[in-house]
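The block underneath contains the structure these notes are about, expressed in structure tokens.
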Amino acid sequence: MFSKVLVANRGEIAVRILRTLSEMGIASVAVCSPADRGALHLRHADEVALLEGASTADSYLAIDRIVEAALQRGAQAIHPGYGFLSERARFASTVAEAGLTFIGPPAEVIARLGDKITARNLALSCGVPIIPGMTAVEPDLDRLADCATTVGYPILIKAAAGGGGKGMRVVRSPDLLASAAREASSEAAAAFGDGTIYLERFLDRPRHVEFQILADAHGHVIHLFERECSVQRRHQKLIEETPCIALNPDLRRRMGEAAVAVAQAAGYVNAGTVEFLVDPAGAFYFLEVNTRLQVEHPITEATIGLDLVRWQIEIAAGNPLPFSQQQICPRGHAIECRIYAEDPGKGFMPSPGRILAFRPASGPGVRFDSGIYEGCEVGVQYDPILGKLVVWAEDRPAALARMERALTENVVLGVHTTGGFLLEVIHTDAFREGRIHTGFIEEHFPCWQPAARLEQLALAGAAAEKVTPSNRAVGVQAASTEDQISPWHRLGAWDLGR
Amino acid sequence: MKYRFKIGDSQRAVQIDPPDKERLTQVTVEGQPQPIAVEPLSPGEWAASLPASKVCHLVTASSPEGTWVWADGQAFLVEEPQARRTTRGPGAAPKLAVTPPMPAVVVEVLVAPGQRVERGQALVVVSAMKMEMTLSAPKGGQVRALNTKEGASVSPGEILVEIDYDRQEASHE
């Protein structure tokens, strides 16, 4: 086992990984950018390596500096967390070439699965259903049009190097294909330096269901069951839960087997996630493999009872998984709500600022993994995630009740957050009955505005009056009050990524 | 004392009278008076209750923009008039100002002084928390001045691009 590990990340995930290292008796090195000198993750590490440089490219994305820091401080392995360098094959190979261990899959596996076309063909080769469409990129518009006709409209154009919705276009009729293809290609070229595109059938109202897998270096691959992640907006997940109520035991078994088959065919080692779409008829299709620890991994930890970060480290150290598929038995129901520093009443606009009050929820079955503390500054440089509120209970109704309690308890003041919005989402009948799909938020909460009860307003006003009795407060805002006319308001929902 | 509650895009008139002899704060929302007892628990924490209603645990925090209040899983920002002016920055952005809606970093500047711009044309791309957003021209006109550059940190109220808007179009607004 390693005696020292460097964590190449920040925020809540760095804190989460550092905690497991501490429990395993492994010394830890945190890295930090100049902007993060006061960050929470530094307080959980044994050592801190400062990565000088104003931009993220010079700090959390600086492959050579991070590897050098690990070597200098005598770490034997690097955990990449999620985001940043976690899915960069070149990072994994540089770490290995330096004689260190990358806590994740081998570089060539990351590269193979990072290309959507290669991943689709891999799934196809082991008999796993893929969304009907192309299995090669296609620069020729005529052939693209022919394929679209064969597949049937509506179709979805995707970038081979895609991610985060960039280079993606839904096309509903043949006359719109050419312009959409050009747009998707140039957007992908700008975002990934690779403008190659392909197309597949556009599935209407699917669920996003993913399977957690663990693969050791000795060829033993198991899955840790599913996570339902359909509640998203702009391709960013908001609420995840496990189990998924749309899977019956047979479908669950087949999807689990498919996930393991894809992992085996890819030569996968370490923890990973095989993503699927499930259509309303119960057919499932392979989507992609995420070659990292997922943000939402704690719900799997809650129902399976394993520390996924610990098993990532054990696997990276060469230890075999000591349990078989049959020994993995999920228990109860877990839900995660992502608390972002965003203003849901203003189109989820980022809301940076200082955390003025923070009282994390606790009590039975509640876990809040966060990267904040009272007084810390949430800057504009990084991801807006403040923390992940996770609950576990015996069954789904109990978990919903527990999440409601936890969200009500989880005080975060100073920036706008998604907390109040998510409380409203879990109150809806559609969510309670599990009638969810990837367009759930757009369907049920278009242009959402906070609707405070009179009673809440009265209470808020009375409390504010106590705090500033001499001041003439003029407004209470749940979302935002900017009444100036900026170009944003005229544009309605804003234009992401241009 | 008259307060104006702004919840998202809607406003409600509210009257708050300081605690009376029974230490009840009178809060009148939409014409309905609600006597509320607010007792301090610890710094920044309060027990508040409406008559015949359960006690609600409130958390408050003061900021330059006003007072944040946590009530029942929802955060509210109670603004104060003087703060409203200062948070806008110098000169409080007038109508049609090209200003970021939140603190951000400028990623790209797409126009130059003297350039003619059309309504909806992209002017500046800013980024906050890994989200890129495009500020566009609210009306056609000519760029008078550019007050920012790539890599600059910018705040709401700062006018990034000054535009002499076309008169004719302006009169339609």
Side-chain angles (χ1 to χ4, degrees), chain A residues 341 345-346 349-352 354 356-357 359 380-384 407-408 411-414 416-417 419-420 423 449-452 454-469 471-479 481-482 484-488 490-491 494-498, chain B residues 1 3-9 14 16 18 25 27 29-30 32 34 36 38 44 46 48 50 56 58-63 66-81 93 95-99 101-105 122 125 128-138:
Chain A
K346 226 173 170 183
M349 184 183 291
S351 179
R354 186 178 293 277
L356 300 171
R359 312 270 196 285
V380 296
Q381 304 95 323
Y382 306 113
D383 202 85
L407 280 169
T408 307
V411 180
V412 180
L413 294 179
H416 292 282
T417 80
L423 193 56
Q449 287 292 314
L454 289 187
E455 182 180 295
Q456 274 178 320
L457 292 182
L459 290 169
E465 205 273 338
K466 283 280 183 187
V467 179
T468 51
N471 286 333
R472 279 189 213 97
V474 292
V476 172
Q477 65 168 10
T481 60
E482 296 294 296
Q484 74 202 70
I485 297 177
S486 87
W488 300 62
R490 324 184 119 251
L491 291 172
W494 8 287
D495 184 7
L496 277 179
R498 221 164 18 108
Chain B
M1 198 171 291
Y3 288 68
R4 199 157 48 83
F5 282 63
K6 189 163 183 186
I7 304 299
D9 285 340
V14 168
I16 300 181
T25 305
V27 182
V29 186
E30 288 181 0
Q32 296 184 14
Q34 319 219 39
I36 298 178
V38 181
W46 312 83
L50 294 154
C56 184
L58 304 175
V59 182
T60 57
S62 297
S63 80
T67 304
W68 286 88
V69 182
W70 183 270
D72 245 357
Q74 301 280 353
F76 300 91
L77 177 60
V78 184
E79 289 189 323
E80 288 145 37
K95 251 185 133 181
L96 303 183
V98 178
T99 184
M102 88 293 274
V105 174
V125 183
M129 297 178 149
K130 285 172 65 189
M131 284 190 180
E132 275 190 8
M133 292 152 260
T134 303
L135 302 183
S136 305

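Since the model is a prediction, treat every value here as computed from it, not as a measurement. Chain naming here is simple, since letters A, B, ... match the order of the sequence lines and numbering starts at 1 in each.
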Report task. Please lay out, stage by stage, how Trp46(B) and Val467(A) fare under the test side chain to side chain contact (heavy atoms under 4.5 Å, CB included). Result -> CA-CA 10 Å; Trp46(B) 312 83; Val467(A) 179; 4.0 Å; yes
Query raised in the report: Checking Ala128(B) against chain A: side chain, backbone, both or neither under 4.5 Å from a heavy atom?
Result: both
Query raised in the report: With chain B, which of Val380(A), Leu459(A), Leu356(A) has the greatest number of heavy-atom pairs at distances under 4.5 Å?
Result: Val380(A)
Query raised in the report: Within the distance-only criterion (no hydrogens, no angle test), does the side chain of Trp70(B) pair as donor or acceptor with the backbone N or O of Thr408(A) below 3.5 angstrom?
Result: yes
**Report entry** Pick from Leu423(A), Val411(A), Leu407(A) with the largest number of heavy-atom pairs that fall under 4.5 Å of chain B
**Finding:** Val411(A)
**Report entry** With Met349(A), the side chain to side chain contact (heavy atoms under 4.5 Å, CB included) member among Met129(B), Met131(B), Met102(B)
**Finding:** Met102(B)
Query - Heavy-atom pair count under 4.5 Å with chain B, highest-scoring of Arg359(A), Arg354(A), Gln381(A) - result: Arg359(A)
Query - Side-chain heavy-atom pair Pro350(A), Met133(B) within 4.5 angstrom cut-off - result: yes
Report task. Flag the pair Ser351(A) / Thr417(A) as yes when at least one side-chain heavy-atom distance between them is below 4.5 Å, and no otherwise. Result -> no
Query raised in the report: Taking Asp72(B), Val105(B), Leu50(B), Leu58(B) one by one, which has the highest count of heavy-atom pairs under 4.5 Å against chain A?
Result: Asp72(B)
